[in-house]
Number of protein chains: 2
Amino acid sequence: MSKHVKEMGALKEHLGKHQLKFTRQRELILDAFLKQEHITAEEMYHQLARKDPHLGLATIYRTLNLFCEAGLAQARHFGTQTQYDNISHKGHHDHLICTGCGKIVEFENCDIERLQEEVASRNGFTIQTHRLELYGLCSPCRQ
Amino acid sequence: MSKHVKEMGALKEHLGKHQLKFTRQRELILDAFLKQEHITAEEMYHQLARKDPHLGLATIYRTLNLFCEAGLAQARHFGTQTQYDNISHKGHHDHLICTGCGKIVEFENCDIERLQEEVASRNGFTIQTHRLELYGLCSPCRQ
DNA sequence: TCTTTTATTGAGACGGTTTATCAATTTCAA
DNA sequence: TTGAAATTGATAAACCGTCTCAATAAAAGA
């Protein structure tokens, strides 16, 4: 009865290919994961504590890493924690960041994205998402 | 006599402004830092162990963070570790990161860099450094 | 120079995050 | 239903980076 039929299918396909099993915990964690844009293991642990008080933190880590391998999630190290991004939510924008005043300008550039695809395929990669940050000085900060 | 006169000057200026002191350790770490494009604290620790076996890891962390504040370095979380990038180094390379197995491939692409400059100047920015990470699956992880 | 003040250092303790271990349990194909 | 194989939960362990603090070194003042 999940609303996430497509992702559930992708996960089951990955499980099948790797002789892994479909468990109650994996289903529970997938449902919770797909409801958000990104989450940390700790956040999910607390969030799921009500539904299943015995669900262990280690299982959450293992499962989120499994989602990464299955192409559903993307891990990003953010400060001291790891964020797991939901790949199916992708309103992706890049950032120009002023190192002087901290101002952030968002931008999108199709040409850059196209070149990224080229680089990736040349190296045998399939891109799920990317992160591009340009650091510099805005004109007020340059005087 | 250091070859890195400019950076040494920038560091001393920062120290002066903040009532910090110029120490033998800071000089040593700066010299080692400027020789590379990027380094982790742990790598530097081993690298400097011969020159000064008593140089502590904590001092290296403290000093690399100081370089960030002084605008000489840029920290970024990479896998489980923190990389300190040398801002003055030009041959900046970017990363393809496999979300399945964690493999990292470095690449450089002048066209992308040129487009970045365009985006920046269109927004009135002057780029000091950037960070581009492409996340996806490498071919073994894709099957 | 000598003294005084203040920042820095080294060593290890510490805290938070993630992974490894392992016996018990669950899944799933036969 | 059975049995091999994967998974789980609990917790120990590993790991990275920061904090603590007494001892030391650097700058400023006399």
Side-chain angles (χ1 to χ4, degrees), chain A residues 8 11-30 32-33 38-70 73-85, chain B residues 8 11-30 32-33 38-46 48-70 73-84 99-102:
Chain A
M8 187 69 79
L11 175 61
K12 285 191 174 170
E13 190 185 326
H14 179 85
L15 296 176
K17 277 187 187 163
H18 297 263
Q19 291 156 286
L20 305 175
K21 293 173 177 173
F22 185 72
T23 65
R24 186 179 60 73
Q25 290 88 339
R26 285 173 178 170
E27 181 172 17
L28 191 64
I29 294 170
L30 182 63
F33 175 70
H38 50 70
I39 196 167
T40 64
E42 196 73 32
E43 282 165 6
M44 179 163 289
Y45 182 64
H46 289 118
Q47 208 169 295
L48 291 181
R50 273 181 288 174
K51 290 195 176 177
D52 181 351
H54 294 291
L55 185 59
L57 189 53
T59 298
I60 292 179
Y61 274 106
R62 282 186 292 233
T63 305
L64 289 172
N65 288 333
L66 171 70
F67 293 171
C68 290
E69 283 152 31
Q74 183 207 324
R76 270 218 285 222
H77 301 277
F78 221 85
T80 113
Q81 294 199 130
T82 300
Q83 286 253 0
Y84 293 87
D85 293 3
Chain B
M8 186 70 78
L11 176 60
K12 286 190 174 171
E13 191 183 326
H14 179 86
L15 296 176
K17 277 187 188 163
H18 294 82
Q19 290 156 285
L20 305 175
K21 293 172 178 175
F22 185 73
T23 65
R24 184 180 60 76
Q25 289 89 340
R26 285 174 178 168
E27 182 171 17
L28 191 65
I29 294 170
L30 181 63
F33 175 70
H38 49 69
I39 197 167
T40 64
E42 197 74 31
E43 282 165 5
M44 180 162 289
Y45 183 63
H46 290 117
L48 290 181
R50 275 181 289 173
K51 291 196 177 180
D52 181 353
H54 293 291
L55 185 60
L57 190 53
T59 298
I60 293 179
Y61 275 108
R62 283 186 291 233
T63 304
L64 289 172
N65 288 333
L66 171 70
F67 292 172
C68 290
E69 283 153 30
Q74 188 204 327
R76 70 168 144 182
H77 300 279
F78 210 88
T80 111
Q81 294 198 133
T82 301
Q83 285 253 1
Y84 293 86
T99 56
C101 63

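FYI, side chains are in, hydrogens and waters are out, and symmetry mates aren't considered; it's all heavy atoms of this structure.
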For [X], report the nucleic acid contact type (base, sugar-phosphate, nothing); a contact means any heavy atom under 4.0 Å.
X     : result
A:R26 : sugar-phosphate
B:Q19 : sugar-phosphate
B:T82 : sugar-phosphate

[N] OP1/OP2 closer than 4.0 Å to side-chain N/O of [X]:
X     : N      : answer
B:N65 : D:dT18 : yes
B:Y61 : D:dG17 : yes
A:T59 : D:dG9  : yes
B:H54 : C:dT9  : no

Problem - Near-ring test B:F33/B:F67, centroid separation under 6.0 angstrom - result: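 Centroid separation for B:F67 and B:F33: below 6.0 Å.
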Exercise for the section: To the nearest 0.5 angstrom, please state how far the NE2 atom of B:H18 sits from the CD atom of B:E13. Expected result: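 Between atom NE2 of B:H18 and atom CD of B:E13 there are 10.5 Å.
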Practice task
Could you tell me the separation between the CG atom of B:L64 and the CD atom of B:E69, rounded to the nearest 0.5 Å?
Solution key: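 B:L64 CG to B:E69 CD: 11.5 Å, rounded to 0.5 Å.
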Practice task
Might you point out which heavy atoms bring A:E43 and A:I39 nearest each other, and give the distance in Å?
Solution key: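 Residues A:E43 and A:I39, closest heavy atoms: OE1-CG1, 3.3 Å.
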Handout entry: Minimum heavy-atom distance between A:L11 and A:A70, given as atom pair plus value
Key =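 It is CD1-CB, 4.4 Å.
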Gap between atoms [atom1] and [atom2], on [X] and [N] respectively (whole Å):
X     : N      : atom1 : atom2 : result
B:I39 : D:dG17 : CD1   : C1'   : 16 Å
A:E27 : D:dT7  : CD    : C1'   : 15 Å
A:E43 : C:dG16 : CD    : C1'   : 15 Å
A:H18 : D:dA5  : NE2   : P     : 19 Å
A:H46 : C:dT17 : NE2   : P     : 10 Å
A:R24 : D:dA6  : CZ    : C1'   : 16 Å
B:E69 : C:dT8  : CD    : P     : 11 Å

Practice task
Return the 5'-most residue of the pair B:Q81, B:T23 with respect to DNA chain D, ranking by each residue's nearest nucleotide.
Solution key: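 Final value for this comparison: B:Q81.
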Handout entry: 5' priority, DNA chain D, between B:L20 and B:L57 [closest heavy atom]
Key =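 The 5'-side residue here is B:L57.
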Problem - Donor-acceptor pair under 3.5 Å, B:K21 side chain vs D:dA25 base - result: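 Looking at the base of D:dA25, it does not pair with any donor or acceptor on the side chain of B:K21 (distance under 3.5 Å).
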Exercise for the section: Spell out yes or no: do the side chain of A:R62 and the base of D:dG9 have one donor N/O and one acceptor N/O closer than 3.5 Å? Expected result: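 Side chain to base: pair found, below 3.5 Å.
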